2 protein chains.
Amino acid sequence: MASSIHDLARHLNISIGTVSRALNGRADVNADTRQRVLEAARKLNYSPNQSGRSLRQGATRSIAFMLQPHPGDQQYGEPFFIPFLTGLQARLAEHDLDLMVVMGEPGQYQQERLRRVVETRRADAVVLANTRREDDRIDYLSKAGFPFATLGRSQSGGDTYPSLDIDFERAGDEAVDRLVARGHRRIAAIRPSLDLNFGYLFLDGYRKALKRHGIEVDPNLIADGFINETGGYQVTPQVMRSKNPPTAIIFNNDAMALGGCKALAEMGIKPGHDMAVIVIVDTPLCRYFSPTLTAFRPSLEPMGRRLAEMLLASLPAFAGPEGTRIIHEVWPLELIARESD
Amino acid sequence: MASSIHDLARHLNISIGTVSRALNGRADVNADTRQRVLEAARKLNYSPNQSGRSLRQGATRSIAFMLQPHPGDQQYGEPFFIPFLTGLQARLAEHDLDLMVVMGEPGQYQQERLRRVVETRRADAVVLANTRREDDRIDYLSKAGFPFATLGRSQSGGDTYPSLDIDFERAGDEAVDRLVARGHRRIAAIRPSLDLNFGYLFLDGYRKALKRHGIEVDPNLIADGFINETGGYQVTPQVMRSKNPPTAIIFNNDAMALGGCKALAEMGIKPGHDMAVIVIVDTPLCRYFSPTLTAFRPSLEPMGRRLAEMLLASLPAFAGPEGTRIIHEVWPLELIARESD
DNA sequence: TGTGTTGTCGTAAACGTTTACGGAAAAACG
DNA sequence: CGTTTTTCCGTAAACGTTTACGACAACACA
């Protein structure tokens with residue numbers, strides 16, 4: 001059914017070598033023959049078989065995107081990733097690269113899935129999401145010399161790979177700034193208990209801003225829980241039971257914020273009225289919650305595009321004339337002021 | 001770097017044929033040698049190169065999932081798809097199949113992207129989402145004899161391919177039933193104007209239920225708009241301006257419902273109080289909106305798993321002993337009663 | 001002992017490409 | 001006209017597998 005380069009060559013009475021060279025735009029082929037080849041290719045509806053290409057060239061022209069649903073995300077996963085994925089995929093497609101999505105089982109590490117991709121050479125490079133502070137996927141890929149880029153920074157692996165991160169530190173800082181400007185002094189911070197790096201960055205910014213304002217960091221106002229609604233619901237009462245309860249809470253995750261607001265409501269506390277609330281990563285939920293939640297918003301789709309570019313710039317096969325580059329970028333978040341603070 | 005089957009054979013002093021047969025569990029290899037091969041494979045960290053396999057076997061062991069963001073979905077895409085994708089990917093992974101995600105540009109057809117996948121043999125089969133009533137992707141794949149399955153039914157292509165759909169007809173029916181039981185007689189239906197098949201199914205159920213209750217269908221109470229918030233916002237006033245305005249509205253899309261509620265609010269109409277509202281596909285937003293929105297919920301993650309199974313059952317290479325089967329299933333939605341109706 | 005059967009393995013072709021190499025013809029040059 | 005260069009193309013190897021086929025030995029059977 002599918003026509004091969006042999007069919008094309010036979011049809012034109014020339015060798016497959018010439019056909020291949022003509023199609024790949026090599027110089028040593030007569031302009032006339034090239035024309036004939038291209039026309040015949042169109043007529044016979046010929047497209048090169050990717051498996052054959054991959055084998056010969058040692059490159060699959062596909063990139064694996066590895067993300068890991070958090071446990072408890074059964075019903076609806078991170079809305080976070082869809083626009084990112086869209087951008088990533090769009091830019092890769094421009095370079096004729098495919099995107100393979102690899103998910104781990106929620107809650108367990110993904111080493112086996114990753115090893116499989118790498119060892120069987122199913123992809124030319126990997127994009128890692130859900131970056132952890134200490135990330136064994138990064139260690140593995142570095143050691144294996146397999147190209148990759150990460151969404152989010154990590155302490156693992158040095159700066160040998162491109163990374164694109166959101167400026168959670170600055171967001172934590174700005175959130176405190178904003179709350180202090182509005183008269184708050186007792187500000188709680190609630191973040192996921194997982195080793196995810198953004199939780200640390202956020203807390204750094206939070207601490208830095210408090211110090212700048214001469215406010216002492218109260219450990220009772222810092223708490224962490226599961227990175228989902230239940231986690232927020234469980235951990236918020238903890239900070240409220242502090243001797244000296246907060247008048248404002250910054251949540252480092254949208255799902256946790258929603259659970260936290262539920263807990264507050266049950267305590268008779270109304271966000272935006274009795275308690276200021278700021279959410280670090282905005283999702284559509286923040287806009288429709290009542291009260292609407294002030295939040296920091298990333299530009300996910302452009303970030304996807306950008307990380308694709310950064311990954312490609314690090315690959316010898318795709319780097320431009322100035323050679324391969326390892327790029328690190330940290331993107332700011334945009335504050336969306338709403339009713340909750 | 002990566003060890004090939006030749007390295008393994010050389011190391012063991014046997015032929016690559018035997019190594020391959022040993023690894024693939026064929027019968028004609030001595031139990032002893034098989035043992036040695038397996039051990040050596042583990043020791044040398046050998047995994048078969050997928051490109052080589054694909055070329056020889058004429059199968060890539062990867063499935064393409066094709067979805068198309070609706071125009072206007074810039075910021076956050078369909079939360080719908082992540083859990084479905086998770087299920088799909090999970091089941092495919094159990095069969096050692098990869099999942100490739102192909103998105104079109106929002107708003108335009110995806111024929112070129114699809115053709116590329118098919119013609120270059122980048123995948124063994126395709127899963128189609130955003131099924132349209134008349135879907136040229138289905139026509140193309142049928143004609144090309146390329147295996148595929150769809151999420152959602154279509155009028156194209158006969159029943160030659162597996163399909164898994166949500167029972168929108170029944171949801172439309174039940175929604176009307178519920179509203180009538182609560183005393184409503186003037187019930188509006190708002191759906192996307194695109195050719196997406198579910199919009200038709202929904203309307204069928206809506207009409208059927210009205211007829212059963214002896215209520216005349218008022219065309220002024222049926223409207224369609226862009227499948228996003230703006231669409232709902234624009235089209236809802238239309239039905240409200242009807243001489244005999246509705247006391248209840250069924251929205252066939254969550255984003256349209258939110259836009260519709262916004263329009264209602266601006267008219268001083270409060271959902272759940274002055275107007276009953278039911279949403280056909282539940283998303284997390286429905287749960288957090290104020291008032292919380294009564295909605296019909298699909299089980300997306302199991303649906304993803306199931307469609308993977310159905311696709312595999314239709315593929316000769318994966319079908320069980322009873323041979324290939326083309327399965328069609330329609331899954332019910334679960335009513336989540338909340339405050340808005 | 002001769003013949004058929006079974007178990008095990010090696011050989012080599014095949015999948016569809018790309019590409020290094022060399023050769024023939026044409027063109028350029030003296 | 002001889003020589004060198006250029007242009008163009010064919011040949012064949014290579015990528016890493018799987019698998020059809022045949023070979024050989026061991027074994028069973030008459």
Side-chain angles (χ1 to χ4, degrees), chain A residues 1-38 40-41 44-62 96 116-124 317, chain B residues 1-38 40-41 44-62 96 116-124 317:
Chain A
M1 180 70 213
S3 61
S4 84
I5 202 172
H6 289 95
D7 304 326
L8 208 52
R10 206 173 312 125
H11 179 259
L12 289 165
N13 260 330
I14 59 180
S15 77
I16 60 167
T18 305
V19 174
S20 176
R21 280 190 302 264
L23 292 173
N24 290 350
R26 300 202 101 78
D28 57 346
V29 47
N30 187 289
D32 222 56
T33 28
R34 187 193 307 278
Q35 200 56 34
R36 284 174 46 228
V37 169
L38 291 177
L44 297 197
N45 204 17
Y46 168 79
S47 302
N49 178 299
Q50 181 59 31
S51 300
R53 279 195 138 178
S54 297
L55 180 58
R56 167 66 216 224
Q57 301 191 324
T60 60
R61 294 202 81 85
S62 90
D96 198 45
R116 184 176 147 279
V117 170
V118 170
E119 289 173 5
T120 64
R121 306 275 133 156
R122 272 175 150 88
D124 297 337
Chain B
M1 181 67 214
S3 61
S4 85
I5 203 172
H6 288 96
D7 304 327
L8 207 52
R10 209 174 310 125
H11 179 259
L12 288 166
N13 261 330
I14 58 180
S15 77
I16 59 167
T18 306
V19 174
S20 176
R21 281 190 301 264
L23 291 173
N24 290 349
R26 300 202 102 77
D28 58 345
V29 47
N30 187 287
D32 223 56
T33 22
R34 186 192 306 278
Q35 199 56 34
R36 285 174 48 227
V37 169
L38 291 176
L44 296 197
N45 203 18
Y46 167 78
S47 301
N49 178 299
Q50 181 58 32
S51 300
R53 282 196 136 178
S54 298
L55 179 56
R56 169 63 216 225
Q57 303 191 326
T60 60
R61 295 203 79 85
S62 89
D96 198 45
R116 185 176 147 279
V117 169
V118 170
E119 288 173 6
T120 64
R121 306 275 132 158
R122 272 174 150 90
D124 297 337

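Model, not experiment: these values are computed from the prediction. Naming convention: chains lettered A, B, ... in sequence-line order (proteins, then strands); numbering from 1 in each chain.
Per the geometry, CG belonging to A:N49 stands 17 Å off P belonging to C:dA14, to the nearest Å. For the pair A:H6 NE2 and C:dT18 P, the interatomic distance rounds to 11 Å; values are reported in whole Å. Protein atom CD of A:Q57 is 15 Å distant from nucleotide atom C1' of C:dA20, rounded to whole Å. To the nearest angstrom, C1' of D:dT18 lies 10 Å from CG of B:L55. Across the protein-nucleic acid pair, A:D7 atom CG and C:dC15 atom P stand 11 Å apart, rounded to whole Å. Separating the CG atom of A:L8 from the P atom of D:dG10 is a distance of 13 Å, rounded to the nearest angstrom. Rounded to whole Å, atom C1' of C:dT17 lies 14 Å from atom CZ of A:R61. One interatomic measurement links the two molecules: CD of B:Q50 to C1' of D:dT17, which rounds to 10 Å at whole-angstrom precision.
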Base-contact (B) and sugar-phosphate-only (S) positions in nucleotides 6-13 of chain C, heavy-atom cut-off under 4.0 Å, - elsewhere: --BBBB-B
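Here A:D32 pairs with A:N30 under the side-chain contact (heavy atoms from CB on, under 4.5 Å) rule; sequence neighbours left out. Residues satisfying the side chain to side chain donor-acceptor pair (under 3.5 Å) criterion with A:S54, sequence neighbours excluded, are A:Q50. When the salt bridge (charged side-chain N to carboxylate O under 4.0 Å, His left out) test is applied to B:D96, the partners found at least two apart in sequence or on another chain are A:R116, A:R122, B:R61. Residues that satisfy the side-chain contact (heavy atoms from CB on, under 4.5 Å) test with A:I16, not counting sequence neighbours, are A:I5, A:H6, A:A9. Not counting sequence neighbours, the partners of B:S62 by the side-chain contact (heavy atoms from CB on, under 4.5 Å) test are B:T60, B:D98, B:M100, B:A123. Partners of B:S15 according to the side-chain contact (heavy atoms from CB on, under 4.5 Å) rule, which considers only residues two or more places apart in sequence or in another chain, are B:T18. Annotation: salt bridge (charged side-chain N to carboxylate O under 4.0 Å, His left out) contacts of B:R10 (sequence neighbours excluded): B:D7.
In this structure the side chain of A:V37 reaches within 4.5 angstrom of the side chain of A:I14, judged on heavy atoms.
Each end of the helix from C:dT1-D:dA30 to C:dG30-D:dC1 gets its own axis from five base pairs, and the two axes differ in direction by 50°, given to 10 degrees.
Under a 3.5 Å cut-off, the side chain of B:R53 and the backbone N or O of B:P48 do not form any donor-acceptor pair.
When the side-chain nitrogen and oxygen atoms of A:S20 are compared with OP1 and OP2 of C:dT18, one or more of them lie within a distance under 4.0 Å. Taking 4.0 angstrom as the limit, B:R53 places none of its side-chain polar atoms (N or O) nearer than this to OP1 or OP2 of D:dG16.
Within 4.0 Å of B:S47, counting heavy atoms only, lie sugar-phosphate atoms of the nucleic acid but no base atom.
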